[in-house]
Number of protein chains: 2
Amino acid sequence: MQLKKYTDYGLRILMYLASFDADDKCAEPKLATIREICDTFDLSANHVNKVVHHLGRLQLIETRRGKNGGFLLAKQPEDISLAFVIRQLEGDEKWIECENPYCVAMPACELKGIVARGKELFYDYLSQYTLKSLMVKAPQLRQIFSTAS
Amino acid sequence: MQLKKYTDYGLRILMYLASFDADDKCAEPKLATIREICDTFDLSANHVNKVVHHLGRLQLIETRRGKNGGFLLAKQPEDISLAFVIRQLEGDEKWIECENPYCVAMPACELKGIVARGKELFYDYLSQYTLKSLMVKAPQLRQIFSTAS
DNA sequence: TCAAACATACATTCATAATGCATTTATTAT
DNA sequence: ATAATAAATGCATTATGAATGTATGTTTGA
Ligand code: SF4
Ligand code: SF4
């Protein structure tokens with residue numbers, strides 16, 4: 001019972017982007033690159049590669065190929081729901097798998113419903129937070145990110 | 001992000017015991033055995049063995065070795081909290097691991113706290129349910145369990 | 001046309017849940 | 001006493017999926 005690193009990596013990437021996004025309002029924000037993220041967080045380039053691609057497909061970031069390419073937030077931080085991000089990156093599977101193999105208790109089991117509602121409660125709770133909620137210490141984050149090797 | 005089968009097996013065992021427990025109030029309830037559980041749910045004997053042992057250590061069931069041995073509920077179903085059972089069987093690790101390897105964002109990261117509170121919210125929600133909550137269809141469960149090969 | 005950057009596909013490694021096997025210990029009916 | 005039964009315990013193995021690695025393709029700007 002733990003979030004995948006994959007999911008957390010996605011959130012780190014968004015936090016990274018948002019922390020610099022807040023920097024200059026009007027100007028076109030500088031694009032970040034996979035290399036940059038890997039250097040900052042000391043992560044595997046290929047893993048980050050996939051997460052970035054995923055975030056792109058989710059339209060949370062805009063990716064640009066080619067020289068001087070990279071990616072940037074496609075929305076305002078306050079419009080990026082943590083519930084959405086985590087649900088999508090994590091996958092939305094049931095927290096208990098009752099088929100596969102089939103459980104005889106199924107027809108009369110209250111448990112699966114209780115756990116399913118617990119899961120929804122977790123996401124409901126997360127839905128009150130956005131990427132902006134993670135930016136209360138944006139200057140410190142920016143400081144950390146820009147000094148990290 | 002899914003509960004371990006191990007955890008679900010534990011809950012099935014408790015449900016099994018409770019469903020028959022409700023049967024006769026005053027008489028010493030019949031003991032269930034690992035073999036019985038395995039036959040009913042079509043599970044691996046050794047896996048169930050471990051879960052039963054764990055439930056015993058948690059004082060949720062009383063185990064008896066030797067001929068005519070087995071196990072039975074050590075408490076009333078209404079005194080067995082689902083939050084406790086799931087937390088114990090599942091293990092109580094953090095849902096995001098920020099050390100191992102160490103994440104540079106740590107000092108300024110709001111995310112870890114948000115997720116940790118979400119986890120607690122999940123368990124708070126579960127704490128309003130007990131094994132008895134799973135017994136609303138006890139007769140049907142008993143029916144299923146007694147007819148399952 | 002070259003180099004930089006993401007896109008894509010596939011292969012491999014690693015962690016751990018899940019399962020299997022063997023033996024020991026306790027209990028009780030015979 | 002003894003044999004049968006059932007849980008306790010320890011260790012080995014397998015299966016699954018996350019995590020990571022390798023390779024190549026594609027787009028884009030200088
Ligand atoms: S016991 Fe209930 S929750 Fe668990 S597998 Fe069976 S039906 Fe699903
Ligand atoms: S980003 Fe925050 S939650 Fe994720 S690992 Fe780093 S400190 Fe922990």
Side-chain angles (χ1 to χ4, degrees), chain A residues 1-10 12-13 17 28 30-39 41-74 86 89-97 100-101 103, chain B residues 1-10 12-13 17 28 30-39 41-74 86 89-91 93 95-97 100-101 103:
Chain A
M1 197 62 166
Q2 210 169 336
L3 294 176
K4 292 185 284 188
K5 290 190 178 182
Y6 183 87
T7 303
D8 183 63
Y9 291 174
R12 291 196 210 180
I13 293 165
L17 294 172
E28 171 84 341
K30 188 183 72 60
L31 277 69
T33 68
I34 291 173
R35 176 181 311 279
E36 216 176 299
I37 301 286
C38 294
D39 288 348
F41 293 103
D42 193 28
L43 300 178
S44 147
N46 291 278
H47 209 190
V48 172
N49 188 335
K50 280 163 201 169
V51 182
V52 165
H53 179 56
H54 197 162
L55 292 173
R57 278 192 287 129
L58 293 173
Q59 316 233 45
L60 296 173
I61 63 179
E62 183 192 327
T63 62
R64 294 198 192 144
R65 306 214 267 197
K67 203 157 190 175
N68 298 329
F71 42 87
L72 72 167
L73 286 180
I86 294 179
L89 295 185
E90 190 66 21
D92 201 9
E93 66 198 349
K94 280 190 277 188
W95 284 6
I96 293 187
E97 189 59 67
N100 178 52
C103 170
Chain B
M1 197 61 167
Q2 210 168 334
L3 294 176
K4 291 186 284 187
K5 290 190 178 183
Y6 182 88
T7 303
D8 183 63
Y9 291 174
R12 292 197 209 180
I13 292 165
L17 293 171
E28 170 84 344
K30 189 183 73 59
L31 278 67
T33 68
I34 290 173
R35 176 180 311 279
E36 216 175 299
I37 300 285
C38 292
D39 288 348
F41 292 102
D42 192 29
L43 299 178
S44 146
N46 291 278
H47 210 190
V48 172
N49 188 334
K50 280 161 200 172
V51 182
V52 165
H53 179 55
H54 197 162
L55 291 173
R57 278 191 287 126
L58 293 173
Q59 317 232 46
L60 296 174
I61 64 178
E62 181 191 328
T63 62
R64 294 197 194 143
R65 305 213 269 196
K67 205 160 190 174
N68 297 331
F71 44 87
L72 72 166
L73 287 180
I86 294 178
L89 295 185
E90 192 64 22
E93 66 198 351
W95 283 6
I96 292 188
E97 189 60 66
N100 181 49
C103 170

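Model, not experiment: these values are computed from the prediction. A, B, ... follow the sequence lines: proteins, then strands. Residue 1 opens every chain.
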Phosphate OP1/OP2 of C:dA7: any A:Thr63 side-chain N/O under 4.0 Å: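 The answer is yes; a side-chain N or O of A:Thr63 sits under 4.0 Å from OP1 or OP2.
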Short side-chain N/O contact to D:dT20 OP1/OP2 from A:Tyr9, under 4.0 Å: yes
Can you tell me the distance, in whole Å, between the [atom1] atom of [X] and the [atom2] atom of [N]?
{"X": "B:Ile34", "N": "C:dT25", "atom1": "CD1", "atom2": "P", "value": "18 Å"}
{"X": "B:Leu89", "N": "C:dA17", "atom1": "CG", "atom2": "P", "value": "13 Å"}
{"X": "A:Glu93", "N": "D:dT16", "atom1": "CD", "atom2": "P", "value": "15 Å"}
{"X": "B:Lys4", "N": "D:dA15", "atom1": "NZ", "atom2": "P", "value": "20 Å"}
{"X": "A:Met1", "N": "C:dT16", "atom1": "CE", "atom2": "C1'", "value": "16 Å"}
{"X": "B:Leu31", "N": "D:dT5", "atom1": "CG", "atom2": "C1'", "value": "13 Å"}
{"X": "B:Asp8", "N": "C:dA17", "atom1": "CG", "atom2": "C1'", "value": "14 Å"}
{"X": "A:Leu3", "N": "D:dG17", "atom1": "CG", "atom2": "C1'", "value": "16 Å"}

For A:Tyr6 against A:His54, the heavy-atom pair lying closest together: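 Looking at all heavy atoms of both residues, the shortest contact is OH-ND1, 2.7 Å.
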Over all atoms of both residues, closest heavy-atom pair of A:Ile34 and A:Asn49: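 Looks like CD1-CA, 3.7 Å.
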Carboxylate-amine/guanidinium contact A:Arg12 A:Asp8, below 4.0 Å: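 Judged by the 4.0 Å cut-off on N to carboxylate O distance, A:Arg12 and A:Asp8 do form a salt bridge.
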Interatomic spacing from [atom1] in [X] to [atom2] in [Y] - rounded to 0.5 Å:
{"X": "B:Leu58", "Y": "B:Leu89", "atom1": "CG", "atom2": "CG", "answer": "6.0 Å"}
{"X": "A:His47", "Y": "A:Phe41", "atom1": "NE2", "atom2": "CZ", "answer": "14.5 Å"}
{"X": "B:Leu31", "Y": "B:Glu36", "atom1": "CG", "atom2": "CD", "answer": "9.0 Å"}

Where protein sits on nucleotides 25-30 of chain D, one letter per nucleotide: B base, S sugar-phosphate only, - none, heavy atoms under 4.0 Å: BBBBBS
More than 12 heavy atoms of other residues, nucleotides or ligands under 6.0 Å from [atom1] of [X]: is that the case?
{"X": "A:Asp39", "atom1": "CG", "answer": "yes"}
{"X": "B:Arg35", "atom1": "CZ", "answer": "no"}
{"X": "B:Glu93", "atom1": "CD", "answer": "yes"}

Strand contacts (DNA chain C) in residues 44-57 of chain B, 4.0 angstrom heavy-atom criterion: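 Only B:Ser44, B:Asn46, B:His47, B:Lys50 qualify.
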